[in-house]
Amino acid sequence: MINPGLSSLFIFLVFVASLLAVEAKKAFRAVLFMSLAGLLTAVIFVLWKAPDVAMTEAAIGAGFTTFLFLMALNRIRGKEK
Amino acid sequence: MKKVIALLLFLGLLFFLGTGLEQGLKLGDRNTLAGKAGEAYLKRTVNSADPSASPSQVEYGSETDIEENAANTLTAVVVGYRSFDTLGEVTVLFLAATGVMALFFASGKKKRLALAKPNFILSVSSGFLLPLIILFGAYVFTHGHLTPGGGFQGGTIIAAAVLLLYMAGNAYKAPATGLKVLEGFSGAGYLLIGLAGLLLTGFFLNNFLPSGKMGALFSAGVIPVVYILIGLKVSAELSGIVSDYMGED
Amino acid sequence: MGHEWLSLWSFLYGPLSIFLVGLYGLLTQKNLIKMAISINIMDYGVNLFIISLGYVPSAEAPIYTDAVKTYLPVFADPLPQALVLTAIVISVAVTAFILALTIKIHSQYGTTDLTKLGEMEL
């Protein structure tokens, strides 16, 4: 049984990444840590035998959401200059 | 002091939720499929008289005319058994895309945001990569009933191709009218397939095409058609969101 | 028995604590973008928990292939996976709408800080 050990390790990594995302001072870093947490979540979905959900999470949850956040940050910062 | 209170609250909530949920759930090693709805979905015995009983052998490559004949059971659940749910989901996505468009273009001016000068490697290689990305997206949503993937994943991959075009050059702008027409036609096609099922078999979104052999590309009746329509609709909507976010107000 | 606490952590307490981290962020952050990030993290926790309900030990992914020729009763439960697939797509739609609202609020009032927005005469 390799599965509980490996998935618990990845869950711990997601926990650390989300904690860093919440506690980060700069919004840019918070966005990157959130994206990291999403990618690790996709890895856990593969371990738990849900490949469709893992594809959705990696493409939509980690990729597209990060684009949305970065564009929003870009537009907000462009105004403040 | 605030951090300590937050930590105590965190641990307390974790204790109450965890110990409360731990009793009634069959997690991990204790989990079995016996008696759950998922078992009937996997055996394809939902419409029979006793869904839990019949130990029918489902054989890949030779099985014909069982209900929702898709090799990927998740696709059979998403666009077969619970297709009405997916119709609602697509509606939510459409409403969100409409809301984003209404917020950004209330003023009516439509120019695109000029990025910094694009990288040379990016702008040259986008010409090679673009057809491959679109082909891969189309592959993902046409084979949704056989392999992992489907309309939502493939649609997002095609939207990523549109994003690549935006990143690669400052001249590109997505054709807003074409996207809207594509989105409207595919959404209406989904509803029309549902109404055809209502007309021909008596149930909304029911399967009315021959099921074929499990594992073939042309199998599973109406499921691949619906997933291709969902893929086109999602790609048009997400490309619309991309072009809204890249637009300048 | 040695694996009991590991399996409890990965199937129940880990996803719950990720959800609670998101809740903590939602309650303490004042920046609208960071609140949207916290909502996304709460999403991750709930999705992990729902998928963990469908995991069966030594299961296969619920797809019939050549390797899985005959029916075996060790597939993972496809129903929670279908629900999570729906939830992820809806969460990205909601995030796009929240961020569009945030950008509009910033261009109108010049700030994304909730306390400053509360002090303003709107």
### Part of A:Val46 within contact of chain C (heavy atom distance under 4.5 Å)
neither

## Note on the structure
Separation between OG (A:Ser18) and CG (C:Leu20), nearest 0.5 Å, reads 10.5 Å

### Summary
Residues C:Gly14 and A:Ile11: closest non-hydrogen pair is CA-CG2, 3.7 Å

### Task
First locate atom CD1 of C:Ile103, then atom CE of A:Met71, and finally report the distance between them rounded to the nearest 0.5 Å.
7.5 Å

### Query
Under the side chain to side chain contact (heavy atoms under 4.5 Å, CB included) criterion, do A:Trp48 and C:Ser52 qualify, and how do the steps go?
CA-CA 7 Å; A:Trp48 286 349; C:Ser52 83; 3.5 Å; yes

### Task
Test side chain to side chain contact (heavy atoms under 4.5 Å, CB included) on A:Lys49 and C:Phe75 and set out the steps.
CA-CA 9 Å; A:Lys49 308 298 175 190; C:Phe75 285 125; over 6 Å; no

### Message
Is the ring pair A:Phe12/C:Trp9 parallel, tilted or perpendicular, if the boundaries are 30 and 60 degrees?
### Response
tilted

#### Entry: Toward chain A, the part of C:Ala76 with a non-hydrogen atom under 4.5 Å
side chain

### Task
Mind checking the CG-NZ spacing from C:Asn31 to A:Lys26? Nearest 0.5 Å is all I need.
14.5 Å

### Query
Do you know which two heavy atoms are closest between C:Tyr44 and A:Gly61, and how far apart they sit?
OH-O, 3.7 Å

### Summary
Max heavy-atom pairs within cutoff under 4.5 Å with chain C, candidates A:Asp52, A:Thr56, A:Val22, goes to A:Val22

### Message
If I take atom CD1 from residue C:Ile41 and atom CZ from residue A:Phe15, how far apart are they, to the nearest 0.5 angstrom?
### Response
11.0 Å

### Task
Could you tell me the separation between the CZ atom of C:Phe11 and the OG atom of A:Ser7, rounded to the nearest 0.5 Å?
5.5 Å

### Task
Nearest 0.5 Å please: distance from the CD1 atom of C:Ile51 over to the CG atom of A:Leu47.
12.0 Å

### Residue, of C:Thr102, C:Thr28, C:Leu99, that accumulates the most heavy atom pairs under 4.5 Å with chain A
C:Leu99

### Query
Are C:Ile33 and A:Ile76 close enough, and set up right, to give a side chain to side chain contact (heavy atoms under 4.5 Å, CB included), and what steps lead you there?
CA-CA 10 Å; C:Ile33 284 192; A:Ile76 286 175; 3.7 Å; yes

### Task
List the steps, then state whether side chain to side chain contact (heavy atoms under 4.5 Å, CB included) holds for A:Thr41 with C:Asn47.
CA-CA 9 Å; A:Thr41 309; C:Asn47 290 345; 5.7 Å; no

### Task
Answer whether the closest heavy-atom distance between the side chains of C:Thr95 and A:Phe69 falls below 4.5 Å.
yes

### Message
Closer than 3.5 angstrom, by distance alone: can the side chain of A:Glu57 be matched with the main-chain N or O of C:Leu85 as a donor-acceptor pair?
### Response
no

### Query
What part of C:Gln81 is in contact with chain A, defined as an atom under 4.5 angstrom from a non-hydrogen atom: side chain, backbone, both or neither?
both

### Residue that, paired with A:Thr65, satisfies side-chain contact (heavy atoms from CB on, under 4.5 Å) out of C:Ile88, C:Ile37, C:Asn40
C:Asn40

### Summary
Note: vs chain A, highest number of non-hydrogen pairs under 4.5 angstrom among C:Ser38, C:Gly25, C:Ser17 is C:Ser17

#### Entry: Contact winner vs chain C - A:Ala21, A:Ala37, A:Ala27, A:Gly38, heavy-atom pairs under 4.5 Å
A:Gly38

### Task
Pick one of side chain, backbone, both or neither for A:Leu68, based on which atoms fall under 4.5 Å of a heavy atom in chain C.
both

### Task
Heavy-atom distances under 4.5 Å only: say whether C:Ala100 touches chain A with side chain, backbone, both or neither.
neither

